[in-house]
Protein chains: 2
Amino acid sequence: MKMEERKQQILQALILDYIATGDPVGSRTIARKYKLGVSSATIRNEMADLEELGLIEQPYTSAGRIPSQLGYRYYVDCLMERKPLADSVKKYIQDTLLDKIKETESLIQLASKLLSQLTNYTAIVMAPTYGKNVLRHVQLLPLENNKVVLVIVLDNGHVEHRTLDFSLSLRGEDFERLSAILNAHLRGLSLEQWKSGVFQAIYHELDYQKRLLNQVMELVENVLSVEYESKVYLGGALNILNQPEFKDVEKVKVILELLEEERALKEVLGMGQELGISVKIGTENPHEGMKDCSLITATYELNGKVIGTLGVLGPTRMEYSKAVSVVDFLTSALAEGLRKL
Amino acid sequence: MKMEERKQQILQALILDYIATGDPVGSRTIARKYKLGVSSATIRNEMADLEELGLIEQPYTSAGRIPSQLGYRYYVDCLMERKPLADSVKKYIQDTLLDKIKETESLIQLASKLLSQLTNYTAIVMAPTYGKNVLRHVQLLPLENNKVVLVIVLDNGHVEHRTLDFSLSLRGEDFERLSAILNAHLRGLSLEQWKSGVFQAIYHELDYQKRLLNQVMELVENVLSVEYESKVYLGGALNILNQPEFKDVEKVKVILELLEEERALKEVLGMGQELGISVKIGTENPHEGMKDCSLITATYELNGKVIGTLGVLGPTRMEYSKAVSVVDFLTSALAEGLRKL
DNA sequence: TTTAGCACTCAAGAAGGGGGAGTGCTAACA
DNA sequence: TGTTAGCACTCCCCCTTCTTGAGTGCTAAA
């Protein structure tokens with residue numbers, strides 16, 4: 001869409017002012033605050049045009065104008081200046097994120113916390129999805145009073161454990177033997193290779209422990225079969241309470257309930273799977289309840305493969321410029337953190 | 001505190017009505033709805049007395065009365081009828097909770113979900129604190145591209161794992177040997193028994209892997225030293241949004257922020273450590289922001305030892321009777337679930 | 001094409017009344 | 001002595017009315 005220079009300037013001024021104040025913006029305000037060298041009457045005429053184009057709208061007759069969804073879209077696509085983050089902020093992010101990395105989970109949690117702190121919006125980070133699960137190691141460990149811990153380690157480093165009940169008392173060596181036998185048969189298996197034959201083979205060697213074996217096999221099969229669902233981490237979920245457009249409890253409720261439901265979150269986040277940064281404004285979002293929200297997402301990579309998404313959720317009246325910068329930089333910082341891991 | 005029969009009846013009627021409707025209750029309403037056999041004028045006189053006793057108060061002149069904090073306290077202590085849960089509800093709880101128990105964590109999560117569903121308030125469940133940590137098992141497992149998973153299992157069944165970077169490439173058998181050596185030296189150790197001597201001994205056997213050993217030892221020491229903090233589980237945190245007294249976003253914010261902060265939650269929950277059911281009304285709670293909330297808690301046991309607390313948080317205008325019943329029954333159901341585990 | 005001027009619109013806030021629920025008091029009654 | 005009917009009074013709530021002011025659209029002149 002091509003548009004006269006001045007119209008663009010006015011649209012930009014109006015959007016910036018509305019984002020900053022939250023009040024409808026009038027022609028006089030624009031003439032006074034943003035020196036465009038024309039009078040308010042001229043601006044008024046242009047604004048009438050902009051309204052006709054559907055880029056701005058009046059909440060009611062004789063109020064100022066506010067950006068329409070389309071207006072935000074035009075701003076984000078054509079007008080917005082993407083100024084990079086200040087070096088100090090970049091450094092802060094890197095220091096926080098790359099300093100004491102322990103494991104994927106805490107790294108991602110940290111990223112979501114950072115994201116919400118820096119933007120004052122709600123951060124959503126979707127963790128990597130695991131691929132095909134191959135069994136790396138199985139270990140049975142006895143605890144006191146007839147409890148056994150079963151630890152299952154997958155090739156991708158994922159660890160799962162479960163406490164099982166166990167009536168017969170075996171000695172420590174027995175468990176070593178049991179683990180060894182299980183490992184010998186199960187190591188390297190993925191679900192596709194899972195056959196009843198495996199069970200038979202182990203069953204043969206361990207028929208004196210039928211019940212325990214059953215439990216173990218069931219669990220192992222479970223762990224293998226779970227296509228590890230990507231977990232979603234939230235940061236600053238309550239930040240929307242600070243937004244004046246969400247001073248109504250009913251509105252807040254809709255959003256917070258949405259955020260509580262992991263499934264919905266994935267749906268919402270899953271949309272922006274195109275590469276690079278995606279900005280979804282208002283009803284562009286898949287979820288009805290998000291019609292007053294915008295979502296800025298970006299995917300992050302590891303070894304050239306997209307492994308997750310991260311984003312910020314705020315009101316449509318959002319500081320797009322800043323949010324985009326933060327999301328952009330955090331994406332690369334997170335990718336770097338993951339690579340170092 | 002002793003009080004005339006009729007005053008008690010009026011207080012009870014007033015509280016029940018106020019809990020049900022949320023509106024200040026007038027003398028006429030009580031006379032009409034609760035057949036006490038006296039006229040509204042008489043009730044008016046009694047209500048004046050009750051106000052003088054500090055049990056009820058007027059929001060403003062010539063409105064009805066509402067219970068004061070003291071009034072609720074009197075009601076809970078002296079007037080409230082504790083009717084047991086319906087059998088169907090009991091069965092529902094038991095079926096849900098005892099059916100497919102996998103492990104402590106999901107059991108407790110389920111309990112908190114049940115608690116919030118049944119009461120429509122917010123459920124808070126504090127999980128068992130772990131005692132002294134004794135190392136049960138250490139396992140090193142190689143993954144692809146120079147990564148190693150270190151799995152640490154404690155005597156209480158707790159499993160911790162971490163992915164380590166690792167430059168030298170060793171073969172599978174080497175890891176088995178490494179694990180075996182580590183286990184031989186470390187198994188059964190608690191933090192008190194942790195001595196530099198241990199390190200020296202292993203170091204001796206494994207001097208060719210100094211760096212990895214360093215990482216492992218650091219991590220093991222870490223895991224042992226963490227006094228496993230009791231985790232807190234929330235259920236139905238957004239239920240307070242349904243309460244008319246929390247239709248103001250500012251109030252909601254205070255509570256939700258409180259709920260988000262684990263430390264504060266523990267403090268709040270930690271108060272009611274006396275045995276049995278504890279009801280904290282309004283400012284009896286330790287936290288300023290909870291002055292309009294009541295908290296009903298109870299401790300649950302395993303093997304005769306208190307291992308956790310569970311409770312519901314609602315407005316001071318709370319269905320105490322029902323909430324107490326649910327908390328009471330759920331406490332025993334959860335204890336049974338844990339015992340069976 | 002731009003601008004000044006002007007009439008017009010409409011939300012928000014202040015002001016002013018009823019209406020109504022509820023009270024306290026008083027006097028009569030059982 | 002306790003209970004009740006009656007009544008004046010209080011004060012929130014809701015409705016209407018009025019005013020204010022920001023902002024607009026239109027018109028005519030520069």
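Since the model is a prediction, treat every value here as computed from it, not as a measurement. Order of the sequence lines sets the chain letters (A, B, ...), proteins ahead of strands, with each chain counted from 1.
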When you compare the side chain of B:Tyr121 with that of B:Ile296, does any pair of heavy atoms fall below 4.5 Å? no

So, applying salt bridge (charged side-chain N to carboxylate O under 4.0 Å, His left out) with B:Asp17, which one of B:Lys33, B:Arg28, B:Arg65, B:Arg317 is it? B:Lys33

Between B:Ile255 and B:Leu313, is any pair of side-chain heavy atoms under 4.5 Å apart? yes

Any side-chain heavy atom of A:Met47 within less than 4.5 Å of one from A:Ile30? yes

Heavy-atom side-chain proximity of B:Lys322 to B:Thr119 below 4.5 angstrom: no

Do any N or O atoms of the protein come closer than 3.5 Å to N or O atoms of nucleotides 28-30 of chain D, and which pairs are they?
none

Can you find a heavy atom in the side chain of B:Leu70 that is under 4.5 Å from one in the side chain of B:Leu53? no

Taking atom P of D:dG23 as reference, at what distance in whole Å does atom CZ of A:Arg65 sit? 11 Å

Which letter, B, S or -, goes with each nucleotide of nucleotides 12-22 of chain D from 5' to 3', with contact meaning a protein heavy atom under 4.0 Å? S---------B

Would you classify A:Arg28 as touching base, sugar-phosphate or nothing, given that sugar-phosphate means primed atoms plus P, OP1 and OP2, and contacts are heavy atoms under 4.0 Å? nothing

Quick one: B:Arg44 CZ to D:dT10 C1', roughly how many Å, whole number? 14 Å

Side chain to side chain contact (heavy atoms under 4.5 Å, CB included) test vs B:Gln12 passes for just one of B:Leu14, B:Leu16, B:Ile10, namely B:Leu16

Ranking B:Ala41 and A:Pro24 by the position along DNA chain D of their nearest nucleotide, the one closer to 5' is B:Ala41

Decide yes or no on side-chain hydrogen bond (donor to acceptor under 3.5 Å, both in side chains) for B:Thr283 and B:Gln69, but give the supporting numbers first. CA-CA 8 Å; B:Thr283 58; B:Gln69 186 169 314; 2.9 Å; yes

Rounded to whole Å, the CD-P distance (B:Gln58 to D:dC11) equals 10 Å

Name the first nucleotide and the last nucleotide along DNA chain C (5' to 3') that come under 4.0 Å of a heavy atom in chain A. C:dT2 to C:dA11

Look at all strands and tell whether B:Ser40 reaches a base, only sugar-phosphate, or nothing, counting heavy atoms closer than 4.0 Å. nothing

Between D:dA5 atom C1' and B:Ile43 atom CD1, what is the distance in whole Å? 14 Å

A:Tyr75 vs A:Tyr320 aromatic rings, parallel, tilted or perpendicular, using cut-offs 30° and 60°? perpendicular

Is the phosphate of D:dT4 approached by B:Thr42 (side-chain N or O, under 4.0 Å from OP1 or OP2)? yes

Does A:Val279 reach the side chain of A:Ile281, with side-chain heavy atoms less than 4.5 Å apart? yes

Would you indicate whether the side-chain heavy atoms of B:Leu234 and B:Leu265 approach each other to under 4.5 Å? yes

